[in-house]
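For clarity, every value in this text was computed on a predicted model and none was experimentally measured.
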Amino acid sequence: MTHHGGHIFFAKTKEEATDYILGVAREKQAKTVVKAKSMVTEEIGLNDAFAAEGIQVTETDLAEYILQVARDAPSHVVVPAIHKDRHQIRQLFHDRLGYEGSETPEEMTRFVRTFIRGEFFKADIGITGCNFAVAESGSVCLVTNEGNARLCTTLPKTHIAVMGMERIVPEFRDVDIMITLLARNAVGLRLTGYNTWLTGPRQTDESDGPEEFHLVVVDNGRSAVLGSAFNDILRCIRCGACMNTCPAYRHIGGQGYASIYPGPVGAVLTPLLEGYQDFSFLPHLCSLCTACDAVCPVKIPLSALIRKHREEMVKQHIPPTSERMAIKAFSFLNSHPSLWKIGMVAGAPMAHWFIRKGRAPLNIGVLREWTRTRDLPTGDGESFRSWFRDHQKERKND
């Protein structure tokens with residue numbers, strides 16, 4: 001890529017990445033930026049960095065533009081605004097942009113186009129992500145459905161692509177496989193609408209393209225994952241298949257993960273990039289049903305990695321003392337059949353007497369959070385063992 005006149009910067013942290021990009025913007029005296037959909041730019045907080053610098057940023061992907069107008073965060077890696085329906089979007093456009101049209105997607109899309117189209121022509125810098133980078137040629141590949149990325153990369157005089165360091169593949173033939181997997185598992189198509197290949201800035205024999213090109217390669221904790229027990233997560237191609245099948249994601253929603261990367265992939269990746277301090281709850285947003293393992297096109301053992309996170313947190317004494325003591329007590333009882341039997345025989349009548357209207361008299365810690373939204377079943381005073389014993393007697397008598 002440098003052979004073709006491009007610039008490459010390796011950013012160890014998200015701060016280094018944003019500082020470099022802001023440095024380019026200052027050098028160009030940029031006032032306006034157009035941006036295509038990119039999860040890694042969300043990860044490094046690029047929009048906030050531009051806002052702090054007084055630079056106007058316009059998201060040109062339709063879903064990202066909706067979220068920008070709503071001042072909201074993405075909830076899915078492929079369909080960022082999946083948590084909003086057309087009624088909400090129509091009302092949003094009416095309140096924020098003065099839209100008076102219908103709530104049909106076609107009319108609302110035409111309305112947004114009138115806002116965004118002019119931004120392409122006056123933008124000083126175009127920002128994109130990078131789905132894959134090819135080591136063989138130094139090219140970057142952009143996989144999109146709307147074509148807005150092509151305007152971001154050709155009309156502004158400066159183009160900056162931001163990629164996670166794990167998105168590099170050896171040769172073009174490897175990318176052929178990757179983009180096919182991505183399209184099929186993300187949107188159910190053989191190919192997406194646009195597959196764009198870029199290798200540096202515009203050359204002398206080319207009619208369009210940027211005068212200057214920068215590729216920012218972001219580490220932000222990825223090199224520490226490489227070669228670790230969580231190495232497999234770096235194979236993720238961000239297709240969203242694990243989210244689409246995950247029962248926890250479907251009930252919680254993407255924003256319940258408090259992370260740019262929701263769902264099973266976020267439960268594995270976010271604690272690695274951001275640490276357990278703020279995201280120790282993510283590996284517990286999983287029932288370990290292994291549905292994500294079955295649909296992952298690159299065969300990442302997501303459920304095993306989530307379980308590994310739980311093991312690591314226990315080793316680091318991250319769970320509260322009360323939780324660790326409760327688990328130890330349960331493990332002790334569970335490993336002694338006689339004590340377990342006594343507990344079951346005594347617990348059945350106790351549950352019958354203590355649970356009233358779906359509530360227990362002692363609601364401590366996580367139990368309180370559970371019963372606040374759910375009712376406990378009222379017991380009949382009989383344990384499963386006693387029921388099974390009586391049931392077997394009845395069958396013999398019959």
Would [X] and [Y] show up in the same hydrophobic cluster when neighbours are defined by side-chain heavy atoms closer than 4.5 Å?
{"X": "Val187", "Y": "Val295", "answer": "no"}
{"X": "Ile116", "Y": "Ile66", "answer": "yes"}
{"X": "Phe230", "Y": "Leu269", "answer": "yes"}
{"X": "Leu273", "Y": "Leu226", "answer": "yes"}
{"X": "Leu46", "Y": "Leu67", "answer": "no"}

Evaluate the side-chain proximity of [Y] to [X]: yes if any heavy-atom separation is below 4.5 Å, no if none is.
{"X": "Leu288", "Y": "Arg310", "answer": "yes"}
{"X": "Ile179", "Y": "Phe132", "answer": "yes"}
{"X": "Val34", "Y": "Phe121", "answer": "no"}
{"X": "Thr58", "Y": "Phe115", "answer": "no"}
{"X": "His83", "Y": "His76", "answer": "no"}

(Q) Which heavy atom of Val57 sits nearest to which heavy atom of Gln68, and what is that distance? (A)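 The pair with the smallest heavy-atom distance is O-NE2, 2.7 Å.
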
Any carboxylate oxygen within less than 4.0 angstrom of a Lys/Arg side-chain nitrogen, looking at [X] and [Y]?
{"X": "Glu106", "Y": "Arg113", "answer": "no"}
{"X": "Asp72", "Y": "Lys84", "answer": "yes"}
{"X": "Arg238", "Y": "Glu42", "answer": "no"}
{"X": "Arg173", "Y": "Asp176", "answer": "no"}
{"X": "Lys308", "Y": "Glu312", "answer": "yes"}

With distance as the sole test, does [X] use its side chain to make a donor-acceptor pair with the main-chain N or O of [Y] at under 3.5 Å?
{"X": "His336", "Y": "Ser338", "answer": "no"}
{"X": "Glu211", "Y": "Pro201", "answer": "no"}
{"X": "Glu16", "Y": "Lys12", "answer": "yes"}
{"X": "Asp390", "Y": "Trp387", "answer": "no"}
{"X": "Arg90", "Y": "Gly101", "answer": "yes"}
{"X": "Tyr261", "Y": "Pro264", "answer": "no"}
{"X": "Glu43", "Y": "Ile260", "answer": "no"}
{"X": "Thr270", "Y": "Ala267", "answer": "no"}
{"X": "Thr245", "Y": "Ala241", "answer": "no"}
{"X": "Asn185", "Y": "Pro297", "answer": "no"}

If you round to the nearest 0.5 Å, how far is [atom2] of [Y] from [atom1] of [X]?
{"X": "Ile125", "Y": "Ile55", "atom1": "CD1", "atom2": "CD1", "value": "6.5 Å"}
{"X": "Ser259", "Y": "Phe279", "atom1": "OG", "atom2": "CZ", "value": "5.5 Å"}
{"X": "Arg235", "Y": "Ile233", "atom1": "CZ", "atom2": "CD1", "value": "9.0 Å"}
{"X": "Asn47", "Y": "Ile127", "atom1": "CG", "atom2": "CD1", "value": "9.5 Å"}
{"X": "Leu282", "Y": "Leu272", "atom1": "CG", "atom2": "CG", "value": "10.5 Å"}
{"X": "His214", "Y": "Phe9", "atom1": "NE2", "atom2": "CZ", "value": "11.5 Å"}

(Q) Among His159, Lys37, Lys35, which residue satisfies the side chain to side chain donor-acceptor pair (under 3.5 Å) criterion with Thr128? (A)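 When side chain to side chain donor-acceptor pair (under 3.5 Å) is applied between Thr128 and each of His159, Lys37, Lys35, only His159 qualifies.
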
Q. Which of these passes salt bridge (Lys or Arg N to Asp or Glu O under 4.0 Å) with Glu212: Arg202, Lys157, Lys28?
A.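 Among the candidates, only Lys28 passes.
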
Q: Take Trp340 and Phe332 through the test ring-ring contact (aromatic ring centres under 6.0 Å, His included) and record every step on the way to the result.
A: CA-CA 9 Å; Trp340 181 265; Phe332 179 79; over 10 Å; no

Q. Could you go step by step and tell me if Ser75 and Gln255 meet the side-chain hydrogen bond (donor to acceptor under 3.5 Å, both in side chains) rule?
A. CA-CA 5 Å; Ser75 61; Gln255 294 183 333; 5.5 Å; no

**Q.** Parallel, tilted or perpendicular: rings of His309 and Tyr276 (30°, 60°)
**A.**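 The arrangement is perpendicular - the two ring planes meet at more than 60°.
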
Is the count of non-hydrogen atoms from other residues, nucleotides or ligands lying under 6.0 Å from [X] atom [atom1] greater than 12?
{"X": "Phe10", "atom1": "CZ", "answer": "no"}
{"X": "Gln203", "atom1": "CD", "answer": "yes"}
{"X": "Gln392", "atom1": "CD", "answer": "yes"}
{"X": "His87", "atom1": "NE2", "answer": "yes"}

(Q) Is a donor from one side chain sitting under 3.5 angstrom from an acceptor on the other, for Gln56 and Glu119? (A)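 Distance-only check passes for Gln56 and Glu119.
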
Q: For the pair Asp219 and Arg222, evaluate salt bridge (Lys or Arg N to Asp or Glu O under 4.0 Å) and give the outcome as yes or no after the intermediate values.
A: CA-CA 5 Å; Asp219 184 338; Arg222 289 166 171 80; over 6 Å; no

Q.
I'd like to know whether Asp293 forms a side-chain hydrogen bond (donor to acceptor under 3.5 Å, both in side chains) with Ser303, so could you lay out the CA-CA distance, the side-chain angles of the two residues, the decisive distance to 0.1 Å, and finally the verdict.
A. CA-CA 7 Å; Asp293 297 345; Ser303 62; 2.4 Å; yes

